[in-house]
> 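What follows is a single structure, and I will ask about it in a moment.
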There are 2 protein chains.
Amino acid sequence: MARPIVLNLNAVILAVTAGQPRVLTVRRDTDHASAPWALPSGPLDPQADRTLELALRRWIRGQAGIEVGYVEQLYTFADRGRDPGEGAGGPRLVSVAYLALVREQPVDAAPGAQWQNAYDFVPWEDRRQGAGDTGAVNPTLTRWALSAPGSAERRTREERAALCFGRTAAGWDGFMALERYELLYEAGAVQESWRDREREPPSGTGRVAGVGMALDHRRILATALARVRGKLKYRPVVFELLPPTFTLLQLQRIVEALSGIPLHKQNFRRLVEGARLVEGTGRYQASAPGRPAELFRFRRDVLRERQGPGVRVPAAGRRAVR
Amino acid sequence: MARPIVLNLNAVILAVTAGQPRVLTVRRDTDHASAPWALPSGPLDPQADRTLELALRRWIRGQAGIEVGYVEQLYTFADRGRDPGEGAGGPRLVSVAYLALVREQPVDAAPGAQWQNAYDFVPWEDRRQGAGDTGAVNPTLTRWALSAPGSAERRTREERAALCFGRTAAGWDGFMALERYELLYEAGAVQESWRDREREPPSGTGRVAGVGMALDHRRILATALARVRGKLKYRPVVFELLPPTFTLLQLQRIVEALSGIPLHKQNFRRLVEGARLVEGTGRYQASAPGRPAELFRFRRDVLRERQGPGVRVPAAGRRAVR
DNA sequence: CTCTATATGCTCAAAATGAGCATAAAAAAC
DNA sequence: GTTTTTTATGCTCATTTTGAGCATATAGAG
């Protein structure tokens with residue numbers, strides 16, 4: 001019987017550059033220009049690799065010449081049919097996905113590897129300029145709800161969409177990134193929905209949102225986004241993305257980039273300083289417009305002083321703040 | 001080359017009965033009375049099981065006759081050497097661990113299966129009666145710190161122990177259950193430390209804490225505990241452990257049991273009612289000492305109204321509250 | 001010197017939190 | 001049947017934490 005199991009590792013490697021969250025992507029070996037972007041992935045060598053994390057670091061170093069700092073296991077994806085190549089009798093593909101945070105750096109090796117804006121793949125997750133692309137998926141969702149068999153099912157769909165996309169009293173929840181992707185998938189609002197049904201997506205603008213990815217990699221990306229957003233709140237992971245010394249605005253921009261929502265500047269400063277997450281260096285940022293900002297550094301000691309030190313991001317309410 | 005990979009599923013099945021968190025355990029097939037307790041585990045049938053979760057439900061049903069409700073993937077454990085049976089050329093064991101929450105129910109099949117108090121395995125995690133067993137591990141940790149090579153390393157160990165066990169300004173953090181287990185493992189304060197080094201644990205009382213488990217199952221249990229504790233705060237998972245109708249004290253006791261800390265009764269009530277997590281039924285609990293308590297039910301609508309609805313557990317400060 | 005762009009300090013009201021006091025309503029003890 | 005014990009529930013009060021905004025400081029550009 002034993003249909004074999006193949007285990008591989010996927011990495012969502014995130015950086016933030018110029019206010020944009022960036023993700024490292026590759027083209028599949030079956031290279032032709034139209035091949036979809038994929039997340040970097042590599043094998044576990046059951047013989048040589050003592051732990052999954054070491055395996056991951058090893059092949060990321062080899063494939064992209066990147067030395068990743070913070071690494072965290074995300075989720076193990078193993079549904080049957082993830083890989084169409086799996087076919088009838090092929091091996092069952094099990095992927096352990098990891099999240100890694102780095103300061104963006106030139107990609108050395110791997111000609112196919114490339115940093116891209118993470119929100120190109122999930123534009124509805126970026127609410128920094130108001131609802132923007134989040135609103136853009138609404139028509140599709142409405143059509144989907146209307147096409148429901150029966151009015152009870154229609155109601156359910158409407159409620160689910162409203163909840164996911166922050167159109168209820170609960171407001172927008174950045175943490176629900178995965179639920180949103182799964183909803184869009186179900187609603188046929190992303191390219192993968194049609195690919196997996198082996199049909200052409202409906203024509204017309206705005207019918208599918210964001211750039212598609214190979215296999216279920218966009219789902220993995222959504223999972224990663226949800227995880228960082230959650231983690232930010234109670235672990236000082238942002239600092240993995242910053243140089244050792246930074247201004248409070250730089251810090252804020254990174255939190256905003258990942259959270260996908262704008263933050264109130266003065267309150268952010270109060271929060272971050274009040275939590276004693278950072279300490280001033282006494283040095284100031286050179287040559288920038290406006291009053292020079294003090295350079296801060298991460299205060300490692302908070303880890304010993306506070307529970308769950310992190311940047312508590314407020315619920316994105318109705319209005320955009322500035 | 002290909003050293004094969006074997007994938008199995010582990011389940012931490014939790015219930016709370018009479019104020020105690022309970023975990024379903026089994027004896028290994030290699031049964032003799034002294035065999036260590038283990039978590040239930042089962043295979044993935046790559047052919048038949050469409051998803052890991054379905055596989056899990058299937059063999060739990062078969063093995064223990066239990067129908068689990070809430071299920072959530074915890075972590076994938078794959079370090080080399082987890083299973084000593086792995087040996088030199090044996091297959092590499094990869095385990096995907098799941099957390100399941102159920103109302104405790106009789107265990108049907110599986111003669112070896114048995115509910116046990118979760119805190120028997122990790123007694124230091126129970127702070128409901130003050131520091132209790134948490135303090136009991138302190139001497140061992142102190143010895144461990146003192147045995148450090150060099151005073152810098154000693155300081156590091158002391159700080160780490162202080163942080164993990166809430167002896168810093170940060171206080172006790174229920175969420176750090178895994179860090180604590182790993183610290184104890186390193187410090188030789190749990191039976192597994194000695195088992196894995198193939199040595200006898202030092203004699204004398206209080207040298208190893210809690211009841212040991214097979215393989216790395218106690219680590220998995222600690223992971224599960226950390227996860228539920230975190231999840232409680234922003235998802236209404238407690239209700240999975242309660243009958244459809246319950247008193248606020250029952251609810252509080254379950255939260256306390258899982259969090260491992262005592263809560264202020266009036267404030268808990270205010271919190272839970274204020275968050276509109278529950279609604280009164282107008283019915284009252286029959287025959288109990290004291291004024292009869294109203295029966296409440298979970299308000300499912302809260303999911304649509306609030307972000308991250310859950311029971312925000314306060315940081316366990318210095319003093320025990322009643 | 002004025003304008004523009006940031007940085008940073010500070011205030012104020014509203015909401016959430018931590019700790020208790022007080023009262024209500026039942027069963028148990030006498 | 002009265003008192004005691006036990007739990008439920010209502011309410012207060014000080015403190016802290018948030019959300020929002022006003023005001024001032026300090027740079028470069030024109």
> If you only use heavy atoms from C-beta on, which nucleotide in C:dG20, C:dA5, D:dT18 is closest to the side chain of B:H264?
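It is C:dG20.
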> Could you list the residues that satisfy side-chain hydrogen bond (donor to acceptor under 3.5 Å, both in side chains) with A:D120, not counting sequence neighbours?
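For A:D120, no residue satisfies side-chain hydrogen bond (donor to acceptor under 3.5 Å, both in side chains) once neighbours in sequence are set aside.
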> For B:Y234, give me all partners under side chain to side chain contact (heavy atoms under 4.5 Å, CB included), at least two apart in sequence or on another chain.
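Partners of B:Y234 by the side chain to side chain contact (heavy atoms under 4.5 Å, CB included) criterion, ordered by chain and then number, come out as A:F175, B:K231.
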> Salt-bridge test for A:R229 and A:E125: reply yes if a basic N is under 4.0 Å from a carboxylate O, no otherwise.
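Yes, this pair counts.
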> Whole angstroms only, please: what is the NZ-P distance between B:K233 and C:dA16?
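That distance rounds to 19 Å.
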> Starting at atom CD of B:Q285, determine the distance to atom P of C:dA25, rounded to an integer number of angstrom.
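Roughly 17 Å, once rounded to whole Å.
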> Starting at CG of B:L263 and ending at P of C:dT17, how long is that distance when rounded to a whole Å?
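Between P of C:dT17 and CG of B:L263: 13 Å.
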> For B:E179, enumerate each residue passing the side chain to side chain contact (heavy atoms under 4.5 Å, CB included) test, keeping only those at least two apart in sequence or located in another chain.
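Scan of B:E179 (side chain to side chain contact (heavy atoms under 4.5 Å, CB included), adjacent residues dropped) gives A:R235, B:C164, B:M176.
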> For B:T142, give me all partners under side chain to side chain contact (heavy atoms under 4.5 Å, CB included), at least two apart in sequence or on another chain.
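By the side chain to side chain contact (heavy atoms under 4.5 Å, CB included) rule, B:T142 matches B:L146.
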> I want to confirm an ordering. Mapping B:R312 and A:Y284 to their closest nucleotides on DNA chain C, which one lands closer to the 5' end?
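It is A:Y284 whose nearest nucleotide is closer to the 5' end.
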> Return the set of residues passing side chain to side chain contact (heavy atoms under 4.5 Å, CB included) with A:L271 (not counting sequence neighbours), or none when no residue passes.
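Side chain to side chain contact (heavy atoms under 4.5 Å, CB included) check on A:L271 returns A:V311, A:R312.
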> How would nucleotides 9-14 of chain C be written as a contact map, 5' to 3', with B for base contact, S for sugar-phosphate-only contact and - for no contact, using protein heavy atoms under 4.0 Å?
BBB---
> How close or far is atom P of D:dT9 from atom CG of B:L271, stated in whole angstroms?
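Answer to the nearest Å: 16 Å.
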> Whole Å only: how far is the CZ atom of B:F268 from the C1' atom of C:dA16?
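Result: 16 Å.
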> With DNA chain D as reference, determine whether B:E294 or A:G290 sits nearer its 5' end, using the nearest nucleotide of each.
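Here B:E294 is the residue nearer the 5' end.
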> Does a nitrogen or oxygen in the side chain of B:K265 sit under 4.0 Å from OP1 or OP2 of D:dT9?
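No, outside the criterion.
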> Go through C:dT8, C:dT17, D:dA8 for me and flag the one nearest to the B:A293 side chain.
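Per side-chain heavy atoms of B:A293, the pick is D:dA8.
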> For B:G210 versus B:P123, what's the shortest heavy-atom pair and its separation?
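Where B:G210 meets B:P123 most closely, the heavy atoms are CA-CD, 3.5 Å.
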> Just call it for A:L248: base, sugar-phosphate, or nothing, with non-hydrogen atoms closer than 4.0 Å on any strand.
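The residue A:L248 makes no contact with any strand.
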